[in-house]
Amino acid sequence: MYRHVEYYPGDPILSLVETFKRDERPEKVNLSIGIYFDDEGKMPVLESVRRAEAERAAVPRPSPYLPMEGLDTYRSAVQHLLFGKDNPALAEGRIATVQTLGGSGALKVGADFLHRWFPEAKAYVSDPTWDNHKGIFEGAGFEVGTYPYYNPETVGVKFEEMTAFFKTLPENSILILHPCCQNPTGVDMSQAQWDEVLDIIKTHKLIPFMDIAYQGFGEDLDSDAYAIRKAVEMGLPLFVSNSFSKNLSLYGERVGGLSVVCPNKEEAELVFGQLKFTIRRIYSSPAAHGAYIASDVMNCEELRALWENEVYAMRDRIRAMRQKLYDVLTAKIPNRDFRYFIKQRGMFSYTGLTVEQVHRLRDEFAVYLLDSGRMCVAGLNASNIDYVAEAFAKVLQ
Ligand code: LMR
């Protein structure tokens with residue numbers, strides 16, 4: 001009956017995690033998936049989250065369905081975090097925000113909505129990008145192309161090529177963009193480059209879809225939202241998918257959001273209705289627990305301040321690991337320029353390792369990176385960094 005069903009070779013990220021789990025070598029190091037681990041190699045339970053959960057657990061509560069769009073207090077917290085509390089667009093009521101099943105759920109709801117109302121449009125992802133951007137947009141029915149982004153020679157952005165390409169695109173082409181901590185390269189645009197890109201988007205009437213999954217891990221919570229806020233200030237139409245998986249360390253709760261910035265309140269209401277309709281037809285309504293926790297943390301002054309410090313501590317530890325890797329590798333291989341490890345931002349680093357070198361790391365040293373050479377820096381810690389640097393040096397020499 002199912003012979004015609006195609007074999008699924010697995011996902012490049014999630015399947016590798018499975019392989020890692022099965023690896024019995026005690027020295028194994030997981031630098032594959034984008035998960036933050038602390039200096040002991042453990043996934044942290046944030047103190048802000050622990051306190052919110054303790055308060056919630058103290059009172060028995062029934063668990064009714066959330067509305068299709070999710071929890072109100074959570075949705076407004078998402079808006080404040082992304083756009084800034086005092087953003088005039090919020091007062092004007094022109095941002096439609098729904099709670100989603102993580103950032104992936106937001107991409108799916110946004111992509112389904114766009115495909116229904118802009119069926120002729122094509123979507124474009126950065127070269128390279130997080131694999132599932134392509135998957136989710138193709139799954140929604142889009143033809144997905146790529147735009148030039150990463151330049152391996154400069155370990156920077158192919159800015160001229162990228163902007164020239166944007167200028168060739170027809171109206172309503174959808175651009176999936178990373179406002180901070182680009183996944184997989186860790187290479188971000190400067191604010192001046194964002195200004196230029198947003199100008200082109202405005203002139204050529206393109207649709208920016210910004211996926212922000214690492215807010216707070218680049219510079220800080222506000223600076224990481226620069227591109228989002230600038231786009232709103234410029235009056236652009238804008239889709240934003242966001243996630244609390246990483247910055248609240250709530251991966252399994254699937255806490256995300258989709259915000260659509262519209263020209264006015266009337267259109268925002270139309271969009272909001274269609275987003276609800278889209279959600280109803282996929283999964284009806286989102287999960288409640290994570291949204292209550294996120295909302296409790298964001299909306300309580302004390303917990304919010306505690307949380308910010310916790311996010312910045314994670315950011316700083318990642319930076320320290322970048323510096324350490326740079327120091328050790330530079331000492332071992334002085335004729336090679338490793339400055340990119342320090343320059344890149346967020347959890348990821350495009351290491352420049354070839355697929356053969358990545359496989360050697362995995363086979364000979366039990367160090368797991370993605371085949372693309374992407375490393376999750378947040379998997380490094382005081383106990384494994386020398387071992388990893390040593391392994392890197394061996395495959396690089
Ligand atoms: C990653 O890029 O590793 C994360 O976003 C996790 C995932 O779902 O792929």
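Order of appearance sets the numbers: ligands from 1, and atoms from 1 within every ligand.
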Glu233/Arg229 salt bridge by N-O under 4.0 Å criterion: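 Salt bridge absent between Arg229 and Glu233.
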Asn183, portion touching ligand 1 at heavy-atom distance under 4.0 Å: side chain
Side-chain donor-acceptor contact under 3.5 Å, [X] with [Y]:
{"X": "Glu196", "Y": "Thr163", "result": "no"}
{"X": "His359", "Y": "Asp371", "result": "yes"}
{"X": "Ser243", "Y": "Ser245", "result": "yes"}

Heteroatom proximity flag, Ile13 to ligand 1, N/O under 3.5 Å: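 It does not: no N or O of Ile13 is found under 3.5 Å from an N or O of ligand 1.
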Sub-3.5 Å N/O-N/O distance, Lys246 and ligand 1: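 Yes, at least one N or O pair falls under 3.5 Å.
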Close-contact set for ligand 1 against Arg374 heavy atoms, below 4.0 Å: 1 (C), 2 (O), 3 (O)
Contact atoms of ligand 1, heavy-atom distance to Ile33 under 4.0 Å: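 Counting from 1, the qualifying ligand atoms are 3 (O), 6 (C).
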Residue pairs involving residues 174-202 (criterion ring-ring contact (aromatic ring centres under 6.0 Å, His included); sequence neighbours excluded): His133-His178
Closest protein heavy atom to atom 8 (O) of ligand 1, given as residue, atom name and distance to 0.1 Å: Trp130 CZ2, 3.7 Å
Sub-4.0 Å heavy-atom approach of Tyr214 to ligand 1: yes
Asn264: partners by side chain to side chain donor-acceptor pair (under 3.5 Å), with sequence neighbours left out: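 With sequence neighbours excluded, Asn264 shows a side chain to side chain donor-acceptor pair (under 3.5 Å) to Glu267, given in chain and number order.
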